[in-house]
Protein chains: 2
Amino acid sequence: MEFFYVQGYEATSVAEILKQAGVNSGSLYYFFESKENLLLAVLERYKEMLWSAVIDPAFQRTQDPIERIFAVLEGYRQGLMFTHFTAGCPIGNLALELREEHQEAREKIAENFVGWREAIRKCLDEAADRLPASADREQLAMFILTVMEGGVMQSRAHGSIAPFDACVGQLRNYFNLLLAQRHSTGPPLSAGPPAQD
Amino acid sequence: MEFFYVQGYEATSVAEILKQAGVNSGSLYYFFESKENLLLAVLERYKEMLWSAVIDPAFQRTQDPIERIFAVLEGYRQGLMFTHFTAGCPIGNLALELREEHQEAREKIAENFVGWREAIRKCLDEAADRLPASADREQLAMFILTVMEGGVMQSRAHGSIAPFDACVGQLRNYFNLLLAQRHSTGPPLSAGPPAQD
DNA sequence: GTCTATATATTGATAGAC
DNA sequence: GTCTATCAATATATAGAC
């Protein structure tokens with residue numbers, strides 16, 4: 001789990017895993033058919049750990065549903081800071097590394113994302129009466145995951161927390177506008193692009 | 001370039017590259033010191049190709065600076081559709097695959113991101129008078145890159161264009177709110193989180 | 001500049017004793 | 001269930017003829 005997170009799947013050799021675990025190859029292959037099979041188990045474990053490791057710690061820090069979303073993002077910020085911008089999101093890393101040839105792994109990655117989004121959507125649903133009636137909370141949850149993953153990518157690429165903070169800041173601004181829009185007396189805004197010149 | 005894009009760096013062997021190029025290893029190593037050196041050349045090439053391959057085609061389709069931003073995003077949408085959600089952004093892929101051990105590559109990746117953001121920022125600067133005075137256009141450009149990369153990741157992970165469209169739709173909504181805010185007569189919105197209960 | 005041939009190390013995985 | 005020993009394939013890279 002650690003190696004796949006820090007080095008990636010392809011860049012991690014079975015030999016490294018064995019050495020770190022202090023076991024021999026016979027033991028590993030007694031439990032796992034292959035390296036890819038081990039990856040599937042790791043991804044399954046991430047699914048199981050989502051609430052205990054990611055969601056619950058954030059939700060405990062705050063009660064307000066909207067602030068809980070930003071508390072989850074703050075968790076990823078802590079991870080970036082702690083690892084000096086080397087870590088990020090293990091699922092996002094694998095999502096971009098693994099392609100068609102690892103079909104099962106990609107399915108489990110998608111399931112991880114779905115779980116994350118569902119947690120965020122619970123928050124949005126709780127705050128539904130503060131959001132504009134037109135807000136698509138499913139899409140909004142997708143957007144939040146996207147901003148997190150993209151922000152983490154930029155912070156890792158630049159070795160700085162600034163990109164992540166910039167992205168979360170813009171997301172915060174978006175939410176402030178959405179929450180204000182709810183109480184606005186003006187007409188709803190058009191959702192499409194303006195007419196071309 | 002193609003292999004690193006489609007398969008990733010670690011998953012691509014030098015032997016594959018040689019076969020596809022129709023040359024032998026002596027030729028490759030005559031020009032490039034190592035596989036990593038070839039990667040650096042590829043990343044340099046991406047920097048050179050940014051405007052001709054990504055920005056200019058989008059800018060030609062439309063004149064309005066804001067719409068030009070969404071035209072760039074539309075280009076990535078086309079890429080996703082054309083490759084059946086397998087491709088995405090070659091820089092983003094490498095950004096998450098390569099870690100500390102490829103320091104030079106990571107610098108070139110960051111340079112690629114900077115170039116992309118500068119193109120977007122040019123658009124935002126052109127549209128400065130339509131945006132709120134308080135809008136940080138540098139951060140906004142970072143946000144747009146982040147949404148693109150995150151949206152591409154989600155669409156690849158789910159094998160569907162829906163996530164990308166959802167993210168771009170939310171970004172569009174954000175812009176509509178920003179553009180409307182510019183003309184609003186109300187007080188500026190607070191940028192920070194609301195007080196905790 | 002490109003070729004062939006090859007070096008050396010490491011890859012994921014297996015067999016079979018214990 | 002864990003061990004040792006080892007497989008066959010592949011990895012990146014090099015040497016030296018042409």
Side-chain angles (χ1 to χ4, degrees), chain A residues 1-48 86 90-109 112, chain B residues 1-48 86-87 90-91 93-109 112:
Chain A
M1 201 166 201
E2 174 81 7
F3 278 132
F4 290 165
Y5 182 22
V6 174
Q7 304 181 336
Y9 175 74
E10 294 284 351
T12 298
S13 71
V14 174
E16 274 179 296
I17 296 168
L18 295 174
K19 189 179 174 187
Q20 177 72 18
V23 298
N24 296 92
S25 73
S27 299
L28 188 148
Y29 284 102
Y30 177 80
F31 291 101
F32 303 99
E33 278 186 11
S34 64
K35 183 188 176 186
E36 178 162 20
N37 218 276
L38 174 62
L39 172 66
L40 295 179
V42 165
L43 287 169
E44 191 63 34
R45 181 85 114 157
Y46 273 121
K47 276 172 60 183
E48 295 165 8
T86 59
I91 310 301
N93 294 351
L94 292 170
L96 290 201
E97 180 185 345
L98 304 173
R99 327 278 159 119
E100 302 88 273
E101 54 272 15
H102 300 95
Q103 191 51 44
E104 286 186 89
R106 294 189 59 240
E107 280 167 29
K108 287 214 178 296
I109 287 166
N112 269 280
Chain B
M1 200 166 205
E2 175 80 8
F3 278 130
F4 290 165
Y5 182 24
V6 174
Q7 305 182 336
Y9 174 74
E10 294 285 350
T12 298
S13 72
V14 175
E16 274 178 297
I17 296 168
L18 296 174
K19 188 180 175 187
Q20 178 72 17
V23 298
N24 296 90
S25 75
S27 298
L28 187 149
Y29 284 101
Y30 176 81
F31 290 100
F32 303 98
E33 278 186 10
S34 64
K35 182 188 176 186
E36 177 161 22
N37 218 277
L38 175 62
L39 172 66
L40 296 179
V42 164
L43 287 168
E44 191 63 33
R45 181 84 113 160
Y46 273 121
K47 277 172 60 182
E48 296 165 7
T86 59
I91 309 301
N93 293 352
L94 292 169
L96 290 200
E97 179 184 347
L98 304 173
R99 329 277 159 120
E100 301 88 274
E101 54 272 13
H102 300 95
Q103 192 51 45
E104 286 185 89
R106 293 189 59 239
E107 281 167 28
K108 289 215 179 292
I109 286 166
N112 269 281

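From a predicted model like this one, the values you see are computed outputs, not experimental measurements. The analysis underlying the following values was restricted to heavy atoms, covering all of them including side chains, and did not include hydrogens, waters or symmetry mates. Quick note on labels: first sequence line is chain A, next is B, and so on, each numbered from 1.
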B:T12 side-chain N/O to B:Q7 backbone N/O, donor-acceptor pair under 3.5 Å: no
Any chance you could encode DNA chain D as dot-bracket? Rule is Watson-Crick or G-U wobble with both distances under 3.5 Å; [ ] for pairs crossing earlier ones, | for another strand. ||||||||||.|||||||
By a strict heavy-atom criterion of less than 4.0 Å, which residues belonging to residues 24-41 of chain A are in contact with DNA chain C? A:S25, A:Y29, A:S34, A:K35
Here the gap from A:E48 atom CD to A:L43 atom CG, rounded to the nearest 0.5 Å, amounts to 11.0 Å
Heavy-atom closest pair, residues A:I91 and A:I109: CG2-CG2, 3.8 Å
Going by side chain to side chain donor-acceptor pair (under 3.5 Å), name the pairs with one or both residues in residues 32-41 of chain B, residues two or more places apart or in two chains. none
Using distance only, find each side-chain donor-acceptor pair of residues 23-32 of chain B under 3.5 Å and give its atom names and separation, not counting sequence neighbours.
none

Checking A:E10 now: which residues fulfil side chain to side chain donor-acceptor pair (under 3.5 Å) with it, not counting sequence neighbours? none
Which residues pass the salt bridge (charged side-chain N to carboxylate O under 4.0 Å, His left out) test with A:K47, sequence neighbours left out? A:E44, A:E111
OG1 (A:T86) and CZ (B:R106) are apart, to the nearest 0.5 Å, by 8.0 Å
First and last nucleotide of DNA chain D touching chain B, 5' to 3', heavy-atom cut-off 4.0 Å? D:dA11 to D:dT14
In chain order, what residues pass the ring-ring contact (aromatic ring centres under 6.0 Å, His included) check against B:F4, with sequence neighbours excluded? B:Y9
Counting only non-hydrogen atoms, which of residues 7-23 of chain A are less than 4.0 Å from DNA chain C? A:T12, A:S13, A:V14, A:A15
Any chance you could measure B:E2, atom CD, to B:Q20, atom CD, to the nearest 0.5 Å? 7.5 Å
A:N112: side chain to side chain donor-acceptor pair (under 3.5 Å) partners, not counting sequence neighbours: none
For residues 91-105 of chain A, which residue pairs qualify under side chain to side chain donor-acceptor pair (under 3.5 Å), counting only residues two or more places apart or in two chains? A:N93-A:R156
